There are 2 protein chains.
Amino acid sequence: MSGKKSSLTVADVARAAKVSKATAARVLGGYGIASETARKAVLEAAETLGYQPNDLARSMSTGRSGLVGVIVGDIENAFFSQAVRGISDTLRAADLNLIISNSSERLSEEIEMVSVLLRQRVAGLIVAPTDARHLDHLKAALAAGTPVVTLDRHVPELEADAICGDDRESVGRVLRRLHEVGHRQIAYVTAMETTDGKLGKLEDIGISAVRERITGFLTHMREAGVEKPANLVFVGATGDDETSLVVTRILERSPPITAILASDSLIGARIFRELSDRGLKLPQEMSLVSWFDADWTRVTSPRICVVDQPTYRFGQEAAERLIARLKGDASPPQVFVIPTPLLERGSIGAARSD
Amino acid sequence: MSGKKSSLTVADVARAAKVSKATAARVLGGYGIASETARKAVLEAAETLGYQPNDLARSMSTGRSGLVGVIVGDIENAFFSQAVRGISDTLRAADLNLIISNSSERLSEEIEMVSVLLRQRVAGLIVAPTDARHLDHLKAALAAGTPVVTLDRHVPELEADAICGDDRESVGRVLRRLHEVGHRQIAYVTAMETTDGKLGKLEDIGISAVRERITGFLTHMREAGVEKPANLVFVGATGDDETSLVVTRILERSPPITAILASDSLIGARIFRELSDRGLKLPQEMSLVSWFDADWTRVTSPRICVVDQPTYRFGQEAAERLIARLKGDASPPQVFVIPTPLLERGSIGAARSD
DNA sequence: ACTACATATGACACCGGTCTCATATTTAAA
DNA sequence: TTTAAATATGAGACCGGTGTCATATGTAGT
């Protein structure tokens with residue numbers, strides 16, 4: 001009850017209970033065997049002294065650590081914070097805790113964080129890798145025996161389980177729907193930064209989800225008979241000002257663009273604001289579809305049609321895979337693709353025919 | 001470069017560098033002194049072997065842990081995830097990492113998490129305490145020498161620094177503004193659960209921010225000459241259905257309620273949806289003010305007037321306080337009140353005069 | 001009563017670092 | 001040249017648990 005200050009150890013408890021350190025440790029650590037008499041004495045002593053086990057020391061000698069490292073692009077983003085909640089809830093049930101860190105989608109920070117987490121001897125890692133072309137740090141983790149699960153992104157060259165959405169297909173679903181109601185000139189807007197503000201080679205896109213979506217977009221648009229669909233991919237929508245610029249370019253385009261796809265909910269919200277600031281009416285004058293079912297998409301008028309990425313489930317699945325690996329599952333790495341259905345809402349309308 | 005599997009230790013490096021374990025440790029740990037010759041030999045050996053320090057062992061022997069425990073109500077909530085980002089960024093700069101956990105605003109889970117974190121021997125705790133009336137676990141942490149900073153909430157009985165908004169005053173600002181444009185019957189809606197669905201004694205409200213706001217609401221309403229303002233406090237808006245019910249009760253009230261205050265952005269969004277589903281026009285037929293400048297408040301029409309709680313800064317300040325404590329600051333605990341200005345937007349209109 | 005085997009317990013090495021202290025080597029001062 | 005002081009280094013204890021192994025006690029079996 002009363003909080004002693006200096007930490008007391010099994011040895012202290014043992015002394016009080018008049019048994020050896022080993023016996024006390026067996027009782028308190030819940031391993032080995034001890035007589036009922038000894039057990040009672042130890043537990044009572046621990047109780048009255050207010051003994052608190054030291055997990056650091058435990059991890060030290062067992063080698064197991066009870067902590068899982070999580071590296072996401074940005075916890076502030078609901079996409080990731082939901083996933084983290086899913087991870088957290090699932091890990092908790094398995095008596096694991098999570099150390100969280102932000103990469104800010106920067107490779108250097110991701111590398112740094114992996115290193116920090118490995119120093120902490122985390123039991124495993126859940127990472128949303130920033131760049132599929134630089135994997136040494138993650139490979140090193142695997143080589144050191146730390147299982148890795150990638151979240152929202154898949155890197156085939158990495159011997160790690162992956163949880164991700166059906167990115168390529170989801171683009172297909174959206175485009176098919178838009179095509180049905182007459183849209184041909186459709187813009188895809190994403191945050192990805194490029195040196196020249198133009199879409200480069202697909203292989204150079206570091207984030208797999210982004211690459212898959214753009215690939216899907218180009219493929220499906222081409223199939224639908226649109227020429228040079230690459231011109232309809234707008235990159236660099238990283239902040240408010242940049243997005244404003246992108247919207248301007250979209251609206252100036254001829255033949256006129258009649259629908260916009262926003263690759264995530266932050267971009268979606270920015271585009272929506274830009275459009276309504278400029279007085280455009282959704283869905284009559286412009287259709288809009290965003291990825292991720294964020295809060296804001298349900299308070300606009302019209303409500304915004306979204307590709308629903310169940311990120312809480314992403315997190316759950318990732319944590320479950322990791323737990324399985326920690327329990328010794330040594331089967332070959334798997335990719336878990338989670339369906340991301342299109343939620344129909346009022347922001348899709350028939351294409352203008354002007 | 002190549003990832004060895006079994007972890008190698010300072011002893012291994014020392015052997016390779018042909019120096020003693022102590023010397024190698026001094027070089028690798030960056031403490032004590034070593035000759036330039038020895039330093040070079042050790043660093044080179046470490047490099048070629050691919051040595052990775054073990055922070056667990058380090059914490060073990062130093063007693064310092066490099067990890068800070070954070071307990072929030074719900075990371076999924078942007079209010080907290082922003083704060084966590086602020087904490088994370090600030091801790092990072094001080095070479096600290098963060099273990100995060102959710103209390104789900106339940107005392108039992110909070111107690112459990114504090115215990116888990118103390119077992120991990122975290123260097124400090126940042127907590128949004130769920131119940132100001134049950135503090136034994138936090139007091140125990142303090143007694144064990146683990147500094148605690150409370151986030152968004154203040155508990156005077158706890159010898160801990162607190163970072164919070166100016167809750168009571170913010171309510172005053174909102175009410176004054178509404179009063180100016182003619183509102184008298186103003187509802188305050190909050191998530192707090194009570195046994196009978198009615199507002200009980202103020203002292204029984206466990207979350208200080210909630211208590212402060214309601215106290216402020218009652219005081220200011222009374223000063224403005226409104227009788228029985230307690231009848232205008234609506235509790236139990238915990239989910240969609242519950243909020244729907246609350247809105248119904250608000251709309252049926254006579255004399256008619258002309259403005260609604262939502263205690264957080266989740267409730268605000270729900271209320272907004274309810275109102276627009278029922279076809280009410282903001283701000284002509286109802287004014288709405290929410291706490292927290294969430295994304296959704298800027299995509300509605302009209303945009304929603306909010307009390308801006310800069311939670312990223314809450315997090316920053318909390319982390320800074322904690323870091324100061326870890327550095328040895330032993331001054332008496334302080335409360336840092338962060339201003340939460342009212343952001344005027346279109347959702348406040350003149351009161352109906354029917 | 002004596003061997004056989006399960007149960008209980010204590011002594012002690014170990015995990016991988018830090019850190020104290022005593023000793024060895026170098027440099028500066030007298 | 002001798003002594004004092006500064007600099008380097010190694011041996012080994014320590015942090016607080018886990019876990020091995022040898023010994024002690026208890027219970028059967030014959």
Side-chain angles (χ1 to χ4, degrees), chain A residues 4-43 45-46 49-67 116 118-123 144-145, chain B residues 4-43 45-46 49-67 116 118-123 144-145:
Chain A
K4 300 292 170 208
K5 68 167 200 303
S6 80
S7 67
L8 56 172
T9 74
V10 276
D12 298 317
V13 176
R15 206 169 304 124
K18 295 191 206 308
V19 297
S20 73
K21 186 186 156 197
T23 300
R26 275 188 282 260
V27 173
L28 295 170
Y31 61 95
I33 42 183
S35 67
E36 206 44 51
T37 333
R39 159 164 283 105
K40 255 190 60 188
V42 170
L43 291 178
L49 292 177
Y51 170 75
Q52 282 289 103
N54 182 336
D55 273 354
L56 239 53
R58 180 173 310 200
S59 303
M60 179 80 256
S61 62
T62 56
R64 293 179 283 281
S65 118
L67 289 176
V116 167
L118 288 181
R119 277 202 230 305
Q120 297 283 349
R121 296 294 189 267
V122 291
Chain B
K4 300 290 170 210
K5 68 167 202 300
S6 80
S7 67
L8 56 172
T9 75
V10 276
D12 298 316
V13 176
R15 206 170 305 123
K18 298 191 202 308
V19 297
S20 73
K21 186 185 155 197
T23 300
R26 273 189 284 260
V27 173
L28 296 170
Y31 59 93
I33 41 183
S35 67
E36 205 44 51
T37 333
R39 158 165 284 104
K40 256 190 59 188
V42 170
L43 290 178
L49 292 177
Y51 170 75
Q52 282 290 103
N54 182 334
D55 273 354
L56 239 53
R58 181 174 309 201
S59 303
M60 180 80 255
S61 62
T62 58
R64 293 179 282 282
S65 118
L67 289 175
V116 167
L118 288 181
R119 277 203 232 304
Q120 297 284 349
R121 295 296 189 266
V122 291

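All values reported here derive from a predicted model rather than from experimental measurement. When reading the values below, keep in mind they use all heavy atoms of this one structure, side chains included, and skip hydrogens, waters and symmetry mates. Chain letters run A, B, ... following the sequence lines, proteins first, then strands; residues in each count from 1.
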- [ ] Mark up nucleotides 22-27 of chain D, 5' to 3', with B wherever a protein heavy atom is under 4.0 angstrom from a base atom, S wherever such an atom reaches only the sugar-phosphate, and - elsewhere.
- [x] ------

Task: Atom pair distance, as rounded to whole Å: CG in D55(A) and P in dG16(D) - done: 14 Å

Open item on the list: According to salt bridge (Lys or Arg N to Asp or Glu O under 4.0 Å), does anything in residues 50-61 of chain B pair up with another residue at least two apart or in another chain? List the pairs.
Closed with: D55(B)-R58(B)

Task: Terminal helix-axis angle for the helix from dA1(C)-dT30(D) to dA30(C)-dT1(D), with five pairs defining each axis and rounding to 10 degrees - done: 40°

- [ ] Could you grab the distance from atom CG of L67(A) to atom CZ of R121(A), nearest 0.5 Å is fine?
- [x] 13.0 Å

Task: Distance in Å, D12(A) CG paired with L49(A) CG, rounded so as to fall on 0.5 Å steps - done: 7.5 Å

Task: Closest non-hydrogen atom pair between L28(A) and A46(A), with its separation - done: CD2-CB, 3.8 Å

Task: Atom pair distance, as rounded to whole Å: CD in E36(B) and P in dT26(C) - done: 16 Å

Task: Whole-Å distance separating the NZ atom of K18(A) from the C1' atom of dG10(C) - done: 16 Å

Open item on the list: Does anything in residues 22-34 of chain B come within less than 4.0 Å of DNA chain D? Heavy atoms only, and list the residues if so.
Closed with: A22(B), T23(B), R26(B), I33(B), A34(B)

Open item on the list: Nearest whole Å is fine: how far is dC14(D) P from L56(B) CG?
Closed with: 22 Å

- [ ] Using side-chain contact (heavy atoms from CB on, under 4.5 Å) as the criterion, point out the one residue from V19(A), V42(A), V27(A), L43(A) that pairs with V13(A).
- [x] V42(A)

- [ ] Give R119(B) one of three labels, base, sugar-phosphate or nothing, depending on what nucleic acid heavy atoms sit under 4.0 Å from its own.
- [x] nothing

- [ ] Would you give the length of the straight line joining atom CZ of R64(B) to atom OG of S59(B), rounded to the nearest 0.5 angstrom?
- [x] 9.0 Å

- [ ] Scan R64(A) against the nucleic acid and name what it touches under 4.0 Å (heavy atoms): base, sugar-phosphate only, or nothing.
- [x] sugar-phosphate

- [ ] Give the minimum heavy-atom separation between S65(B) and A123(B), together with the two atoms involved.
- [x] OG-N, 3.6 Å

For nucleotides 13-15 of chain C, print each protein N/O atom paired with a nucleotide N/O atom at under 3.5 Å, atom names and distance only.
none

Open item on the list: Taking any heavy-atom pair under 4.0 Å as a contact, classify A38(A): base, sugar-phosphate, or nothing.
Closed with: sugar-phosphate

Open item on the list: If I take atom OG from residue S61(A) and atom CG from residue L56(A), how far apart are they, to the nearest 0.5 angstrom?
Closed with: 11.0 Å

TODO: Determine which pairs satisfy side chain to side chain donor-acceptor pair (under 3.5 Å) with at least one residue from residues 23-42 of chain B, sequence neighbours left out, and list them in order.
DONE: S20(B)-T23(B)

Task: Straight-line distance of T9(B) OG1 to N54(B) CG, nearest 0.5 Å - done: 10.0 Å

